[in-house]
Amino acid sequence: MITVSENNIFALTNSYFSYVFRVSPEGILEHLHYGGSLRDPLKVATHHLRTQREVATNFQGGPYFSLSDTPQEYPSFGTSDFRFPALHGRNSDGNTVFSLHYKKHKIVTDKPRLKKLPSARGGDSETLIVTLEDVLHKLEVELHYTIYQDYGVLVRSTKLKNKGDKEIQLQHAFSSALDLPPQDYEILHLHGTWSREFNEERIDVPKGRFVVDSARGTSSAAHNPFIAIVQKGATEEHGRVHATTLMYSGNFALSVEKGEFEDVRLLAGINPYNFHWRLKPGKKFCTPEALHVYADKGLRSMSHIWHEFVRDKVSPERFRHKPRPTYLNTWEAAYFDVDETKVLHLADKAKDIGVDMLVLDDGWFEGRRDDTSSLGDWTADKKRFPSGIPALAAKVKAKGLKFGIWFEPEMVNPKSQLFKNHPDWILHVPGRKPSLGRNQLTLDLSRPEVIDYLYGQIDNILSCGDIDYVKWDMNRNMTEVGSAGLPKNRQREVSHRYMIGLYDLLKRLTKKYPDILFENCASGGNRFDLGMLSFMAQNWTSDMCDPIGRLEIINGCSYLFPLDVTAAYIGPSPNHQNGRKSSIDTRFNAGAFCAARGISLNETDIEENKDQLQNLMQFAKNSAEDMVGGRFDRLIKTDTEVCWQYTTRDETKVYLAYFHILAAPNLPFRRARMVGLNPNADYTLVEDGVRYAGDALMQSGMPLPYVATGQVNENVRYMAKGDFSSYLFVFEKVAQ
Ligand code: DGJ
C-alpha cells in the first residue's frame, strides 16, 4: 500500500485511489497526485514546471521555484506562498515565518490512535509518518497518513512538537492540506439551522476563499463539517469527487481557496478563528483527524465509501450491524409533563402497539417542569418520580420493554443546585454577564473537576443496570467562552480543551457501559459529526419530524452518514415545528430506512391510530435487521419528488421509497431506475408477487405509483390522493 522511492517519492495506493507526493529538490513536501489508483504511482509527473513566471517570488533565492504555485502537503506562511496556510504561528522572535523542510519518515503497520481525541479504528492499514522541521525555531511537524487495504478513505492528522527551549504560539494548525490542480470544480456542502439541518448547496469554486466553519463551540447545524469538491456537473453517477470531513465536534474550518493560478487548496481542521495554543518547550499538539475520500463515479460512489467506513471504522464496534429497538419517546407525547404514572401508562401503550423500548426524555429530574430550571441536578424529581429512576426502569422492564433515558450533561440552569454550589463551573469571562441560550449556561468541560462531577452523576443513574439507552442532548451554542480554571494567556485554548474534556467523559462512560446504546443529540443535528459518532452509535438527526421537512434532511445527511447511525420517529400531525398535516404512512416512510424507528405520540393519537401503528411498528421490527449494514442510494430528488433505494447487506431484499410532495392533475408517469441489483436475478415485489428482472429494474426502471386525482383505473398503482403522499415497495430477490 505504501511505497517510497530512493529519491523520496511517497505513494499510498489501494484499489480506490493513489496519493503521491515527494520531497522536492528544495526539501519541500510537494504534492503530486490524489486521484484514481495508479499502476505505477512512483512514475507520476511532477506538477511544478519550474519555469520563471513574471510575478513569482523565488523561494529562498532558488531559481524558478515559488511556493505560491507549488502544490504542497503542509504549507506555512511567509516564504513565497501567499495562500491561506496550514500552519501559522508566532515563534520566539515574535514573527510568523516558519519554513518546513523534510527531515525523516517512517512507515508503521496499522494505525496509531490519538490519545485525547477520537480516531478512526485501524486494521489492514499502514501509516506513513513524515517529519518536517523548521530548523531555526526547532518546530517539528509530523504528518500522519493512514491508508487501508479495503476502504477508500485516507486519514490524516498532524502532530506539532516544540523541540526548542522557547515557547511557540500556534494560531493555525490544520489537520491536513490538499492542493488540487486547476480544473473546473464545484463545491457541495451541507448547511442549515435548527430543524432544517443538512440542506445541500452546490456552487462553483469561486476565486478567492470559501470557508464552511463553526465558531459556536459545536460542529453545528449551520455547516456540517463536510465538503466535497466535485468535477463540474458531477451527478450521483458520474464525475470525480474529493470529499473531506473531520473527526471533531468543536469549532472547525474547511477552507477552499482558488489561487491566482487556478489551483485549489483545501484545508481541514480546527477553526483558526479564535484559536490559539501555547506550545511550551517539549510539548506536543495533536490535531483532530481529517478524513478524505476520492471517488470517480459520482456522489453515489462517494457516499458508499463513507458509509462503509463510518460503520466499520468510526461508529462503536459493538453496535455495528446490530438491529435497533423500536421505541416510544415521551418528548412530543408529553413534553415536560411526565411523571411515573404517565410514563408507565405510555409504556403500556407502547407494549400494545408492539414497540420495544420506552424512552423517558426531558423533564424527569428535580424541579424540571419547563426549560427554565434544574439542568445540572441529575436526581429524579421526588414528587413526580417518587420511587426514583432505577425503580421506574425496573417497572418498565418488567413489562417486557427496554428502558432509555435523556440527559443534557454539559449544561446547567442558573436555577439549579449545581449552579448555586459552583457558579464558576460555567464557561464565562470576567466582568461580563453570560448570555443565556434556552435559559441555560454551558458547563466548563475544560475543568477536570466538572468532568468528574458529571461522570459521578450519570454513573449514579446508569449503575442501576436497567438502562438500555441514553439520549445525550446539548441545546445551546457556546458564548463568553472562558474558563476560571485557566490563566489569562490560555483563554483561547478553552474551546479545544472543552472538546478534550467532553471526549474524556464520553470515553469513560461508554467504556464502563459498553452495552448501553448512546444517541447523540444537539437540538437535533447541531453536533452531528464523526467525533461524536465514534462514542455513540446513533444520532438524532433533527427535531423536524414532519416527513416533508425530514426528506431534505435525510437526503443531505446521507452524503456522508450511513442511515445506520440515524433515528426517526412518527411525530404528531399537524407537526409541532411547521404545522403541516401528513398521513401516518408518510411520517413513517420518511424515516423507513433509518436504523432506529419509533413514535412520539400522546395516548389519544396512539389510540386513534392503533391498528396502523401496530402494523408499522411490526414492519419496523421485522425489518430492523435489514436496516443496518445495507446500501442506501439516492435515486430521485426534485422539488416534487424524492426516491430512495435501500438494499440489505446480504442483497436479498431491496426497498424503494417514493415521495410525491405536491399533487397536481395529469402528471407524467415516472419510473425509478434502480441501482446495484444483480442483472441476472429476478426480484419479486412482495405486495403482489409480480417478478421483475434485475436488469430491467435498472435499465428500464420500476414504474412509480401515480398520485390519484380523479377516477381510478385498475392498471395503475396509485398513491393516496392529495399532497405529501408516499409509497414503500419491498422486493425480494428470487433465489438462483
Ligand atoms: C432537543 C432534542 O432535540 C429533543 O428531541 C428533545 O430531547 C428536547 N431537546 C428536550 O429538551
Side-chain angles (χ1 to χ4, degrees), residues 192-198 216-222 224 249 327-338 342-343 346 357-378 381 384 403-413 415-416 436-443 458 461 467 469-477 517-529 532 536 538-546 549-550 553-554 557 565-572 575-578 587 590-591 594 596-602:
T193 182
W194 174 75
S195 265
R196 237 179 341 98
E197 297 86 345
F198 290 112
R216 296 160 190 262
T218 65
S219 49
S220 106
N224 190 265
S249 318
Y327 65 96
L328 188 158
N329 177 300
T330 58
W331 183 238
E332 291 191 67
Y335 292 103
F336 294 100
D337 188 15
V338 281
K342 192 165 203 166
V343 171
L346 279 169
M357 177 164 74
L358 188 283
V359 176
L360 173 54
D361 208 282
D362 200 348
W364 58 267
F365 41 101
E366 195 59 67
R368 181 78 164 174
R369 304 307 303 249
D370 53 32
D371 65 11
T372 61
S373 84
S374 308
L375 290 170
D377 302 340
W378 298 106
D381 187 273
R384 289 173 297 132
F403 181 75
I405 192 159
W406 179 98
F407 287 95
E408 194 178 352
E410 298 157 72
M411 297 291 151
V412 63
N413 286 111
K415 228 163 98 190
S416 68
L436 289 169
R438 207 196 190 200
N439 307 304
Q440 61 202 49
L441 299 161
T442 313
L443 286 170
I458 300 165
I461 304 268
I467 314 277
Y469 157 102
V470 167
K471 180 170 171 187
W472 184 292
D473 207 346
M474 198 281 190
N475 287 306
R476 64 159 291 178
N477 294 317
L517 173 62
F518 280 80
E519 178 166 298
N520 174 45
C521 172
S523 307
N526 200 40
R527 193 169 57 187
F528 194 161
D529 54 64
M532 296 308 282
M536 309 201 196
Q538 230 164 262
N539 208 105
W540 182 235
T541 319
S542 178
D543 281 348
M544 174 48 70
C545 293
D546 162 62
R550 193 80 170 200
I553 295 168
I554 294 183
C557 171
V565 303
T566 63
Y569 61 54
I570 300 172
N575 176 268
H576 293 179
Q577 271 42 279
N578 63 10
R587 275 179 271 160
C594 298
R597 290 155 299 173
I599 69 169
S600 190
L601 295 172
N602 63 28

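Read the numbers this way: they start at 1 and go in the same order the structure lists the ligands and their atoms. Just so you know, these numbers use all the heavy atoms, side chains as well, and skip hydrogens, waters and symmetry mates.
No option in R587, E332, R597 other than E332 meets the side chain to side chain donor-acceptor pair (under 3.5 Å) test with Y569. Among W472, F365, F518, W364, the one residue that satisfies the ring-ring contact (aromatic ring centres under 6.0 Å, His included) test with F407 is W364.
The closest heavy-atom contact to atom 9 (N) of ligand 1, among the options D370, D473, D362, N526, comes from D473.
For atom 4 (C) of ligand 1, the closest heavy atom belonging to the protein is D543 OD1, 3.5 Å. At the shortest separation from atom 5 (O) of ligand 1 among protein heavy atoms lies K471 NZ, 2.7 Å. Scanning all protein heavy atoms for the shortest distance to atom 7 (O) of ligand 1 gives D361 OD1, 2.7 Å.
In terms of polar-atom proximity, defined here as any N/O pair under 3.5 Å, R368 makes no such contact with ligand 1. For ligand 1, the polar-atom distance check against W331 finds no nitrogen or oxygen pair separated by under 3.5 Å. Geometrically, ligand 1 and C521 share no nitrogen or oxygen pair separated by less than 3.5 Å.
A salt bridge links K342 with D337; the closest basic N to acidic carboxylate O contact falls under 4.0 Å.
Side chains of N475 and Q440: no donor on one and acceptor on the other come within 3.5 Å. Counted by atom type alone, Q538 and Y469 present zero donor-acceptor pairs between their side chains at under 3.5 Å. For the 3.5 Å distance criterion, the side chains of N439 and T372 fail to qualify, holding no donor opposite an acceptor.
Counting the atoms of ligand 1 from 1 in the order shown, those under 4.0 Å from a heavy atom of W540 are 3 (O), 5 (O). Atoms of ligand 1 lying under 4.0 Å from any heavy atom of N475, numbered from 1 in the order shown and given with element: 1 (C), 9 (N). Listed by atom number, the atoms of ligand 1 under 4.0 Å from G524 heavy atoms are 3 (O).
Of the heavy atoms in R438, only side-chain atoms (C-beta onward) come closer than 4.0 Å to ligand 1. The residue D371 has no part lying near ligand 1, judged by heavy-atom distances below 4.0 Å. With a 4.0 Å cut-off on non-hydrogen atoms, S523 touches ligand 1 through its backbone and not its side chain.
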Worksheet item: Between F336 and W331, does a ring-ring contact (aromatic ring centres under 6.0 Å, His included) hold up when you go through it step by step?
Response: CA-CA 8 Å; F336 294 100; W331 183 238; 5.2 Å; yes

Worksheet item: Can you list the steps and then say if R368 with D381 is a salt bridge (Lys or Arg N to Asp or Glu O under 4.0 Å)?
Response: CA-CA 8 Å; R368 181 78 164 174; D381 187 273; over 6 Å; no

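Using a 30° and 60° split on the angle between ring planes, F528 and F198 fall in the perpendicular class, above 60°.
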